[in-house]
*Asks:* 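Before I ask anything, here is the structure I am working with.
Chain letters run A, B, ... following the sequence lines, proteins first and then strands; every chain starts at 1. Below, all heavy atoms of this structure are taken into account, side chains as well, without hydrogens, waters or symmetry copies. If you're wondering where the values come from, they're calculated on a predicted model, not measured in any experiment.
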2 protein chains.
Amino acid sequence: MKQRLAAIGTVEALPHRVAAFLSREIESGDLNPGTLLPTEQQLSEKFGVSRNVVREAIAQLRADGMVEARQGIGSFVLAPEQRASIRIDRETLKEGQNMERLFELRCILEAESAALAAERRDQEHLDAIKAALDRMSGEERWEDGSIDADLLFHREIARATGNSYIHTFISFVCEQIRRSIYYARQTNPLHDLVEVNVGEHVRIYEALVAGDPAAAEAAMRAHIIGAADRVGVKLPLRTQRTEEGK
Amino acid sequence: MKQRLAAIGTVEALPHRVAAFLSREIESGDLNPGTLLPTEQQLSEKFGVSRNVVREAIAQLRADGMVEARQGIGSFVLAPEQRASIRIDRETLKEGQNMERLFELRCILEAESAALAAERRDQEHLDAIKAALDRMSGEERWEDGSIDADLLFHREIARATGNSYIHTFISFVCEQIRRSIYYARQTNPLHDLVEVNVGEHVRIYEALVAGDPAAAEAAMRAHIIGAADRVGVKLPLRTQRTEEGK
DNA sequence: CAAATCAAGTTGTAGGATGATATGTATAAC
DNA sequence: GTTATACATATCATCCTACAACTTGATTTG
């Protein structure tokens with residue numbers, strides 16, 4: 001009774017697919033903490049892969065602190081309290097549609113971040129944001145320095161919210177996106193370098209200076225959508241956005 | 001020319017010892033970024049272990065984002081900037097933070113999550129959410145089973161967005177809040193147990209069934225604000241929310 | 001000279017064999 | 001009857017060989 005692993009278009013390593021499957025089962029609660037995973041033999045037969053593949057998958061789960069293997073017994077599912085971290089690894093990032101999802105998450109976080117920053121920013125924050133903006137304007141093309149300045153711009157806005165959780169999460173998401181862009185450029189050097197749209201950033205900055213949360217949110221949302229578009233990602237938009245909060 | 005791995009008193013798994021050795025070589029700069037690791041065959045001979053052990057060790061390094069393996073070539077050492085696997089560990093998030101900021105982030109993520117879920121959910125998602133809701137209704141007080149059901153309810157909604165990043169982030173934030181509540185109850189057992197407001201959850205569920213993103217978002221926002229209030233956290237609200245998107 | 005082909009090297013996967021470790025069971029001793 | 005030992009079983013840990021898939025560079029061929 002073999003079970004087909006989701007066969008996405010992208011070529012993906014088998015161990016990662018198995019690990020992702022088990023990981024989802026644990027996350028969704030199908031495998032409660034404390035329970036024993038099926039034996040390597042059973043998993044091997046269930047997924048139709050060799051035990052080596054299963055072992056590598058379990059090793060990955062163990063590295064993430066999701067299970068604990070004990071010789072002669074099996075692998076136990078650990079409670080979420082023991083989970084060490086959030087991790088988005090390179091393989092996951094390469095999966096199709098993941099860029100789209102990442103941008104979607106970024107849009108949610110940054111739009112709200114911009115609105116909060118517009119309400120809570122002080123002069124020191126504005127100065128830091130302006131400095132990043134100036135650094136960005138120095139470069140026309142999407143080069144390393146420009147990318148860093150762009151990243152800094154967004155992080156400074158997140159910092160201006162006064163909520164370090166938001167700052168941490170946005171930094172993380174931005175890093176993921178930046179690295180995937182690096183990677184895409186590395187594997188396909190002919191790919192056109194994406195230009196940084198300075199104008200979009202200026203509009204965000206102006207809204208922050210004006211202390212207008214709605215304008216800041218709208219400008220940021222437009223910017224993220226534009227940025228996604230420039231790397232070939234069409235962001236699925238919510239159909240009823242304008243009606244919210246009525 | 002075999003090389004002895006450090007034989008510590010503790011019995012440690014072979015792959016972990018190999019990974020630790022290579023990891024130290026990379027960290028110390030003996031293996032510069034961009035260079036190719038020795039082949040699995042060579043490492044196998046060097047350490048006197050099987051190729052499987054070497055493979056598991058490299059898989060661990062890859063999971064940590066230190067190397068990238070490419071079939072037919074070898075494993076490249078990555079620069080720290082290129083490392084695609086980032087951990088947001090609890091220590092980082094715990095530094096001088098408070099519940100207020102955590103709830104603020106949760107509100108941002110979950111409100112949008114509910115709206116997206118209302119647009120994208122299918123019957124399987126609704127069934128899973130309903131199941132969590134039923135489990136929750138069984139308990140009147142904020143007890144362990146009820147907390148788990150509550151958590152599951154929110155995670156299932158996040159899953160219904162189809163965006164695994166949102167799911168991951170929300171799970172993480174919920175887990176943080178749950179642990180804080182556990183801790184508060186442990187240190188102060190006299191503290192009144194907070195009741196789960198089933199009604200708020202029902203309203204969210206109904207909006208999801210109706211496929212109404214705006215209603216789902218509003219219900220979720222009200223719920224998070226209410227939940228924060230019940231644990232003594234006053235959520236700072238944005239002043240201009242209703243005007244957004246004009 | 002250019003393009004197609006081939007050969008060698010490397011990682012990825014398959015599948016079995018053996019050792020190490022934990023658990024349950026049956027037998028023997030008291 | 002109870003306890004203790006030995007054995008059988010199940011499982012992970014490691015090792016081994018073989019083949020498939022992929023990359024690179026040399027060779028051959030037109």
*Asks:* Do any N or O atoms from the side chain of A/Ser171 and from the backbone of A/His167 form a donor-acceptor pair under 3.5 angstrom?
*Replies:* yes
*Asks:* Relative to the 5' end of DNA chain C, which residue comes earlier, B/Gly74 or A/Gly72, by the nucleotide with the nearest heavy atom?
*Replies:* B/Gly74
*Asks:* Measure from the side chain of B/Ile73, starting at C-beta and using heavy atoms only, and say which of D/dT24, C/dA14, D/dC12 lies closest.
*Replies:* D/dT24
*Asks:* Rounded to the nearest Å, what distance is computed from the CD atom of residue A/Glu45 to the P atom of nucleotide D/dT11?
*Replies:* 11 Å
*Asks:* Write down the distance between CG (B/Leu43) and C1' (C/dT11), rounded to a whole number of angstrom.
*Replies:* 12 Å
*Asks:* Please work out which of the three classes, parallel, tilted or perpendicular, describes the rings of A/His154 and A/His223, given edges at 30° and 60°.
*Replies:* parallel
*Asks:* Closest heavy-atom contact between B/Pro213 and B/Glu119?
*Replies:* CG-CG, 3.4 Å
*Asks:* Starting from C1' on D/dT14, measure out to CD1 on A/Ile58 and report it in whole angstrom.
*Replies:* 15 Å
*Asks:* Rounded to the nearest angstrom, tell me the gap between atom CD in B/Glu56 and atom P in C/dG12.
*Replies:* 13 Å
*Asks:* Which of the following nucleotides, D/dC12, C/dG15, C/dG12, is nearest to the side chain of B/Asn52?
*Replies:* C/dG15
*Asks:* D/dA13, OP1 or OP2 - any side-chain N/O from A/Arg62 closer than 4.0 Å?
*Replies:* yes
*Asks:* To the nearest Å, give me how far apart CD (A/Gln41) and P (D/dA13) are.
*Replies:* 15 Å
*Asks:* Given atom CG of A/Leu14 and atom P of D/dC22, what is their separation to the nearest angstrom?
*Replies:* 12 Å
*Asks:* Rounded to whole Å, how long is the line connecting atom CG of A/Leu61 with atom C1' of D/dC12?
*Replies:* 15 Å
*Asks:* Could you check whether A/Arg51 gets within reach of a base, just the sugar-phosphate, or nothing at all, counting any heavy atom under 4.0 Å?
*Replies:* base
*Asks:* Between D/dA13 and A/Gln71, counting only base atoms on the nucleotide and side-chain atoms on the residue, is there a donor-acceptor pair under 3.5 Å?
*Replies:* no
*Asks:* Choosing from C/dG12, C/dA20, C/dG15, which nucleotide comes nearest the side chain of A/Ser50?
*Replies:* C/dG15
*Asks:* From CZ of A/Arg70 over to C1' of D/dA10, roughly how many Å is that when rounded to an integer?
*Replies:* 15 Å
*Asks:* Roughly how far apart are A/Ser23 OG and A/Arg17 CZ, rounded to 0.5 Å?
*Replies:* 15.5 Å
*Asks:* Please assess B/Leu208 against B/Ile157 for the test side-chain contact (heavy atoms from CB on, under 4.5 Å), listing each intermediate value before the final yes or no.
*Replies:* CA-CA 9 Å; B/Leu208 293 179; B/Ile157 291 176; 3.8 Å; yes
*Asks:* Quick one: is A/Arg55 getting a side-chain N or O under 4.0 Å of the D/dA13 phosphate, OP1 or OP2?
*Replies:* yes
*Asks:* Given D/dC12, C/dA14, C/dT10, which nucleotide is nearest the side-chain atoms of B/Thr39?
*Replies:* C/dT10
